[in-house]
S.K.: 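Mind looking over this structure? Questions follow.
This is a predicted model, so every value here is computed, not measured. Numbering of ligands and ligand atoms starts at 1, following listing order.
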Amino acid sequence: MREESPLLYNEELDCWSVFSYEMVKRVVENKDYFSSATGVKKEQSLSRSMITMDPPLHTKIRSIVNRAFTPRVMKAWEPRIHEITNELIAKMEGKREIDFIEEFAGPLPVIVIAEMLGIQSTNMKKFKEWSHIIFSTPVDNSDEEVRIWKEAKLKAEAELEEFFNEIIADKRKNPGDNDIISILVKANEVGEKLSGEYIVPFCNLLLAAGNETTTSLIGNSIYTFAEQPEIYRSLQSNPLLVSHAVEESLRFRSPVQVMRRIVKKDLEFYGQQLKEGQLVFFFLGAANRDERVFENPEIFDLNRSNKRDHMAFGGGIHFCLGAPLARLEANIAISSLLKKYSAYEFPLTFELDPIPNSGVGYGLNSLN
Ligand code: HEM
């Protein structure tokens, strides 16, 4: 597809698909022609979240929420992420059969983000469910399926909204130092207005955008090591390569395969006329395997020289806000597993399910 039709028009749906690295980069970096306001309905809380906004509102909100993901805040959370990781590893110990996704890669990002949002561990299960529903896509496109899916999604968003409103009220009274809601509530106090109207959708977005994706990153990495044990052995003899492995995993099996924009005004794009209002789907996974940018893209190469140039986190003004957190969690998770499982024991511990390919995300449902 990338070779033959890097820019493909679908007549039936009147939309475009973009597959090459260069074109995808152009789309994500050109906010003046490609809008993120892609028609999420007003009543859905994600419609008020930054991922579906354009400047100037996006710029204002991003400048405030950025401070919840600074290197200083990440550093402050590092010891706790180590602890949570070790607790999860300890729970797996001695078990003969484990589903690695259910027991480790799934809970890790949920617990971390919940704690960062200041949420108690007692609500964790409900939390994972909400996140799962909000990020889901309908099983098929039949009217009945879409109706059921929409209802479930709206219900999950409403429940989560109520839940967050209570936490926001509490944090206004008793703010903490490094939890995200306290940081945002304090931003309010110093005059940079970010009303509750935007805080709740932002928290929803963190769950929807951050959990499944990070689970996929960790799960896809382990899947790759089990498939190619020599990578695992290299990491064991040189743990400094773990960060390379995380970047290569993001490129090689990108957790978010496709995102979309809407054409804001007519433009000529690589010889084609794109019309205002048309949807443009851009395929990050395809861009990350573009041989014009990555030599031997089908090979998982720990020593790739342009590791961080992949587009797994998107680009331009919507570049993933949680990228530092996702990287930190994946680095800690893999380093801790390396310490725990020897090179020979580890890949044999898990039997693999094939990777199911859903619409947007790319990851494992289970790994046991
Ligand atoms: C945006 C991928 C983890 C929060 C994005 C975008 C991508 C992405 C591709 C750009 C969307 C667009 O251009 O429309 C990923 C991947 C992750 C990950 C692959 C894990 C491996 C996280 C985490 C969080 C997070 C852990 C936070 C807890 C966000 C937010 C945005 C975003 C808030 C919107 C930024 C904006 O609109 O300015 N992510 N993400 N992500 N991500 Fe992530």
S.K.: Give a yes/no verdict on whether any heavy atom in R261 is under 4.0 Å from an atom of ligand 1.
M.R.: yes

S.K.: With sequence neighbours excluded, what pairs up with E78 under the side chain to side chain donor-acceptor pair (under 3.5 Å) test?
M.R.: K75

S.K.: Do me a favour and list the nearest non-hydrogen protein atom to atom 11 (C) of ligand 1 with residue, atom name and distance?
M.R.: M259 CE, 3.7 Å

S.K.: Any atoms of ligand 1 less than 4.0 Å from a non-hydrogen atom of I113? List them with their elements.
M.R.: 28 (C)

S.K.: Taking only heavy atoms of L284, which atoms of ligand 1 are found under 4.0 Å from at least one of them?
M.R.: 9 (C)

S.K.: Both conditions, 6.0 Å and 45 degrees, for the charged tip of R26 above the ring of F269: are they met here?
M.R.: no

S.K.: What protein atoms of element N, O or S are positioned under 2.8 Å from atom 43 (Fe) of ligand 1?
M.R.: C320 SG

S.K.: Report yes or no: does a heavy atom of H58 sit under 4.0 Å from some atom of ligand 1?
M.R.: yes

S.K.: Looking at ligand 1, would I317 count as a contact under a 4.0 Å heavy-atom criterion?
M.R.: yes

S.K.: Of all the non-hydrogen atoms in the protein, which one sits nearest to atom 2 (C) of ligand 1, and at what distance?
M.R.: A312 O, 3.6 Å

S.K.: Nearest protein heavy-atom contact for atom 33 (C) of ligand 1: which residue, which atom, what distance?
M.R.: L205 CD2, 3.5 Å

S.K.: Residue-level breakdown please: for N211 versus ligand 1, do any non-hydrogen atoms fall below 4.0 Å on the side chain, on the backbone, on both, or on neither?
M.R.: neither

S.K.: Counting heavy atoms only, name the option from H318, R260, R62, M311 that's nearest to atom 37 (O) of ligand 1.
M.R.: H318

